[in-house]
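One structure is given below, encoded as structure tokens.
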Amino acid sequence: MSVDCRGKLRPAVLGSFLLGLALGVLFHYSLYRISLPAKPFIYFAF
Amino acid sequence: MKMKTNRLSPTALFAGFFVGFLLCSVAGRNMRQRPLYENFHHFFQLISPDSYYYPTAAQGLMLLRQMVKTNQIAVVVGGSSVLNGVGQPPDDLWSDHLQELLGENYRVVNLALRAGTPHELAGVSAEGFLPEHPRLLYVCNVSPTPGCIALDGNAYRYIFWDAYYQGMLLPSAQRDEALQALEAQKPNQRAETKMRTFLNSWFCFDDLWTATTYLWGSTVWTNLTYPDFFQARRRCRDTEPDTAHRPPPIPTDPEQQAAEAKRVRSRTPPFPQDKLPEVLRSIEAVLVPGIRQRSLAVLESDCPYYIERLTREQRENYRKNQGWNMEIYRRAGMEIIAPMNNFQIEDYVDRCHLSGRGGRRLAQAVAPRLRALARALGYEK
């Protein structure tokens, strides 16, 4: 990651990291979500 | 001409992606090891697959660890909606009555699911729990007529494979053989389910997001949670109707009544005895020896309203088929009882589900047999 001469993280790098973080969480969620059936198994007793 | 500067840093983007995914996987693994359910009695509709809530194998095991104390005999209830308690209001659940009858030395945990088979969530959880808690009894309901049990379940196959890839299952040569035969017979038939559960064993996405649904809020829309569609499922109450004040369990809709009667009639053709070894093998493959020897099976019987409307020959065949099924489960080394054969119309809320009264009668029939089984296994003197 790029750090400027004063040792601060460049905003673009931080932004990219946070965007990647969000995409990582989204990808993790999508693994759960895509495995759910399109229509749930509905069990009607009455 | 001024060159455009690249605002994204690919290295940081991929690093963020990796860290985000890793953090979620660690959180999911953490969720597997924490008690999740509050004041648990059974998986009612809003914490069941009906409402897009799919409990994981690890959650079933954790429920047993959470609820059963080391000095108690665990009573794991599996099976279908009949033992789940469909038809019984929350304060009249049969498994709660069973707990009262058995006393504090026992802990009844009802893991039966609607449309479940004798194994599934309760079975895999019991297998996972057995090595650390051998004082365990298993109760499940079985069909009135003999038939093969699906090796990895019926409506909820993901549960078996979830447990399989997490190493929760007990070793069983018969099951391994049956799995190999299934794979040889229909290769890649379960490919999607296997892939999903294999990935979940590493990345724990089902465990994390199901726990999130329970604790903080659902991300999946379902009309069953109207009007608060995304509320945390731990806030949802069991809305099973109070059947004590319902009319007798005969559908008023003639079509539905005919369908139910047809279902009962479908259980009357005589059982072909040459199928017996096949059915026995399937039971032995699904319910492994460690579970079978600790099991009490409850033979189902349909509501007498429908049985009485069969012809005499059909009624005889129905009872004979029940007899064959009992014989098969006994040959598999399991205890089996048929208390529902003596139940009355008022003990049912429909063709097969028990009312509060029926549930109480079932608990009264099951409790002494469980005590006897516990004594036979040396759990208590």
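Both backbone and side-chain heavy atoms feed into the values below; hydrogens, waters and symmetry mates do not. Residue numbers start from 1 in every chain, and the chains themselves are labelled A, B, ... in the order their sequence lines are given, proteins ahead of strands.
- Proximity of a side-chain donor or acceptor of A/Ser16 to a complementary backbone N or O of B/Leu13 within less than 3.5 Å is not detected.
- Contact of B/Thr56 with chain A is not made at all, since no heavy-atom distance falls under 4.5 Å.
- The two residues A/Tyr32 and B/Tyr52 come nearest to each other via the heavy atoms OH-O, 4.4 Å.
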Steps toward side chain to side chain contact (heavy atoms under 4.5 Å, CB included) verdict (B/Trp209, A/Tyr29): CA-CA 7 Å; B/Trp209 297 104; A/Tyr29 172 73; 3.6 Å; yes
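- Here the straight-line distance linking atom CG of A/Leu19 with atom OG of B/Ser9 works out to 11.0 Å at 0.5 Å rounding.
- Taking chain B as the reference chain and counting heavy-atom pairs below 4.5 Å, the highest number among A/Leu18, A/Leu23, A/Ile34 is found for A/Leu23.
- Summarising the local packing, CD of B/Glu192 is surrounded by 12 or fewer heavy atoms from other residues, nucleotides or ligands at distances under 6.0 Å.
- Neither the backbone nor the side chain of B/Ser48 comes within contact range of chain A, judged by heavy atoms closer than 4.5 Å.
- The part of B/Leu208 that comes within reach of chain A is its side chain, from C-beta onward, which places non-hydrogen atoms under 4.5 angstrom from that chain.
- Annotation for A/Leu36 and B/Tyr54: closest pair CD2-CD1, 3.7 Å, computed over non-hydrogen atoms.
- Heavy atoms of B/Thr212 lying under 4.5 Å from chain A are absent altogether.
- Considering all non-hydrogen atoms of both residues, B/Ala12 and A/Val13 come closest at CB-O, 3.5 Å.
- Residues A/Leu31 and B/Phe21 meet the side-chain proximity criterion, which asks for heavy atoms closer than 4.5 Å.
- The environment of B/Phe229 atom CZ is dense: over 12 non-hydrogen atoms of other residues, nucleotides or ligands sit within 6.0 angstrom.
- Ring centroids of A/Phe27 and B/Phe17 are separated by less than 6.0 Å, placing the two rings close together.
- Rounding to the nearest 0.5 Å places CZ of B/Phe205 at 6.0 Å from OG of A/Ser35.
- Within 6.0 Å of atom OH in B/Tyr164, 12 or fewer heavy atoms from other residues, nucleotides or ligands are found, so the atom counts as exposed in its surroundings.
- Side-chain atoms of A/His28 do not come within 3.5 Å of backbone N or O of B/Leu23 as any donor-acceptor pair.
- Taking a 6.0 Å sphere around OH of B/Tyr165, one finds it holds more than 12 heavy atoms contributed by other residues, nucleotides or ligands.
- Neither the backbone nor the side chain of B/Thr193 comes within less than 4.5 Å of any heavy atom of chain A.
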